[in-house]
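In what follows, a single structure is set out as structure tokens and then discussed.
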Amino acid sequence: MDCIFCKIISGELPCYKVYENESVFVFLDIGPVSPGHTLFVPRRHATNLNEGSAEEAVELMKAVYMLAPAIIKAVGASGYNLGMNHGLAAGQDVMHTHLHLMPRVDGVARTFVKTNPTQEELAEVAMKIRNLLLR
Ligand code: AMP
Ligand code: ZN
């Protein structure tokens with residue numbers, strides 16, 4: 001299947017991985033709207049939340065619950081936005097279910113404009129998150 005997220009999950013394409021378990025794969029968005037912008041993706045391909053199972057939706061949110069504190073701590077944020085673009089009408093570009101976690105720092109404007117960090121910057125953020133998860 002020609003799905004960029006399936007290729008990331010299978011290891012065919014690289015990513016800045018944060019976490020994985022049997023049902024969820026988590027990695028940094030390469031066009032983050034804020035440092036630490038993370039994508040939560042069900043392992044099993046489905047176009048959107050309702051094409052997958054309710055259990056997978058629950059597992060996705062469990063991963064958010066578990067990882068969000070480490071993600072925002074790693075980038076010095078104190079809050080976050082969650083978002084899902086469900087369907088073309090909503091602006092979904094990648095047709096494999098994914099939930100965006102966008103860390104927010106007090107006093108910093110909340111934009112949804114994509115940025116273009118270096119590979120080193122993305123690698124460092126992913127490493128910081130992974131290190132916090134190990135504690
Ligand atoms: P959406 O508009 O909700 O479908 O968002 C898709 C997201 O995937 C965008 O925020 C992209 O920056 C992100 N994205 C696309 N390709 C990659 C990739 N290879 N690695 C990480 N994130 C990606
Ligand atoms: Zn896929």
Side-chain angles (χ1 to χ4, degrees):
M1 183 183 316
D2 199 20
C3 169
I4 189 165
F5 285 178
C6 281
K7 286 182 179 163
I8 286 174
I9 292 163
S10 71
E12 201 179 319
L13 286 177
C15 74
Y16 299 93
K17 189 166 87 178
V18 166
Y19 174 80
E20 66 178 310
N21 64 27
E22 56 287 341
S23 68
V24 181
F25 200 91
V26 184
F27 54 96
L28 295 184
D29 193 302
I30 46 162
V33 302
S34 62
H37 181 166
T38 303
L39 300 175
F40 289 73
V41 183
R43 266 183 187 283
R44 195 170 67 94
H45 182 89
T47 305
N48 59 50
L49 199 63
N50 290 97
E51 303 255 318
S53 67
E55 288 72 24
E56 285 166 311
V58 168
E59 289 302 321
L60 206 59
M61 196 50 81
K62 271 195 202 167
V64 171
Y65 177 92
M66 211 171 70
L67 300 183
I71 294 171
I72 63 171
K73 188 171 180 190
V75 295
S78 55
Y80 59 90
N81 295 118
L82 288 179
M84 182 176 269
N85 299 326
H86 196 290
L88 285 177
Q92 184 176 0
D93 283 329
V94 176
M95 293 300 158
H96 181 138
T97 310
H98 56 281
L99 185 68
H100 297 257
L101 185 154
M102 296 156 278
R104 297 301 187 183
V105 175
D106 245 351
V108 176
R110 288 184 298 279
T111 76
F112 289 93
V113 178
K114 289 183 164 303
T115 62
N116 192 17
T118 63
Q119 295 194 353
E120 288 73 24
E121 285 167 333
L122 288 166
E124 191 184 340
V125 169
M127 191 187 65
K128 275 189 186 162
I129 299 170
R130 287 196 306 268
N131 285 342
L132 284 168
L133 289 173
L134 291 175
R135 290 192 192 156

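Heavy-atom basis, side chains included; hydrogens, waters and symmetry copies ignored.
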Checklist line | Separation of Asn116 CG from Glu121 CD (nearest 0.5 Å) | finding: 9.5 Å
Margin query: Does any part of the side chain of Lys17, heavy atoms only, come nearer than 4.5 Å to the side chain of Phe25, both counted from C-beta?
Written below: yes
Note to self: The criterion is ring-ring contact (aromatic ring centres under 6.0 Å, His included); which residues satisfy it with His98, sequence neighbours excluded?
What the structure shows: Phe5, His100
Notebook entry, point to check: So, for Pro117 and Ile30, which heavy atoms are closest and what is the spacing to 0.1 Å?
Noted result: CD-O, 4.0 Å
Next item on the list: Determine, using the 4.5 Å side-chain heavy-atom cutoff (strictly less than), whether Ile9 and Leu101 are members of one ILVMFWY cluster.
Entry: no
Checklist line | Hydrophobic cluster membership, Tyr19 vs Tyr16, 4.5 Å side-chain cutoff | finding: yes
Notebook entry, point to check: With side chains defined as the heavy atoms from C-beta onward, is the minimum distance between Met61 and Phe40 less than 4.5 Å?
Noted result: no
Next item on the list: Test Leu88 against Met95 for side chain to side chain contact (heavy atoms under 4.5 Å, CB included), laying out the working first.
Entry: CA-CA 9 Å; Leu88 285 177; Met95 293 300 158; 3.4 Å; yes
Notebook entry, point to check: Heavy atoms, side chains only, cut-off 4.5 Å: are Val18 and Leu133 in contact?
Noted result: yes
Margin query: Just verifying a value: how many Å separate Arg110 CZ and Ser34 OG, rounded to the nearest 0.5 Å?
Written below: 11.5 Å
Note to self: Measuring from atom NE2 of His37 to atom CZ of Arg104, what distance do you get when rounded to the nearest 0.5 angstrom?
What the structure shows: 8.5 Å
Notebook entry, point to check: Would Val41 end up clustered with Ile8 when hydrophobic side chains under 4.5 Å apart are linked, directly or stepwise?
Noted result: yes
Check: Is there side-chain contact between Ile4 and Val94, with at least one heavy-atom pair below 4.5 Å?
Finding: yes
Check: What distance do Thr97 atom OG1 and Glu56 atom CD have between them, rounded to the nearest 0.5 Å?
Finding: 8.0 Å
Margin query: Counting only heavy atoms from other residues, nucleotides and ligands, does the tally under 6.0 Å from NZ of Lys73 exceed 12?
Written below: no
Notebook entry, point to check: Do you know the tightest heavy-atom contact between Ala77 and Pro103?
Noted result: CB-CB, 3.7 Å
Item checked: Shortest non-hydrogen separation from Asn48 to Gln92 and the atoms involved -> CB-OE1, 4.5 Å
Margin query: I need the minimum non-hydrogen distance between Glu22 and Arg43, along with the two atoms involved.
Written below: O-CD, 3.0 Å
Notebook entry, point to check: Out of Ile129, Val64, Val125, Leu132, which residue meets the side-chain contact (heavy atoms from CB on, under 4.5 Å) rule with Ile71?
Noted result: Ile129
Margin query: Quick test of your reading: applying ring pair (Phe, Tyr, Trp, His ring centres under 6.0 Å), list the pairs with at least one residue in residues 43-93, sequence neighbours left out, ordered by first then second residue.
Written below: His45-His96
Notebook entry, point to check: Roughly how far, to the nearest 0.5 Å, is CD of Glu55 from OG of Ser23?
Noted result: 10.5 Å
Margin query: If the test is side-chain contact (heavy atoms from CB on, under 4.5 Å), which one of Thr38, Leu82, Asn81 qualifies with Met102?
Written below: Asn81
Checklist line | Closest heavy-atom pair and its distance - Val105, Val75 | finding: CG2-O, 4.4 Å
Notebook entry, point to check: Mind checking whether Met84 and Leu60 have side chains closer than 4.5 Å, heavy atoms only?
Noted result: yes
Margin query: Assigning hydrophobic clusters by single linkage (Ile, Leu, Val, Met, Phe, Trp, Tyr; side-chain heavy-atom cutoff under 4.5 Å), is Leu13 placed with Leu28?
Written below: no
Notebook entry, point to check: When hydrophobic residues are tied together by side-chain contacts of less than 4.5 Å, even through go-betweens, does Leu99 share a cluster with Met66?
Noted result: yes
Checklist line | Test salt bridge (charged side-chain N to carboxylate O under 4.0 Å, His left out) applied to Asp106 - qualifying residues, sequence neighbours left out | finding: none
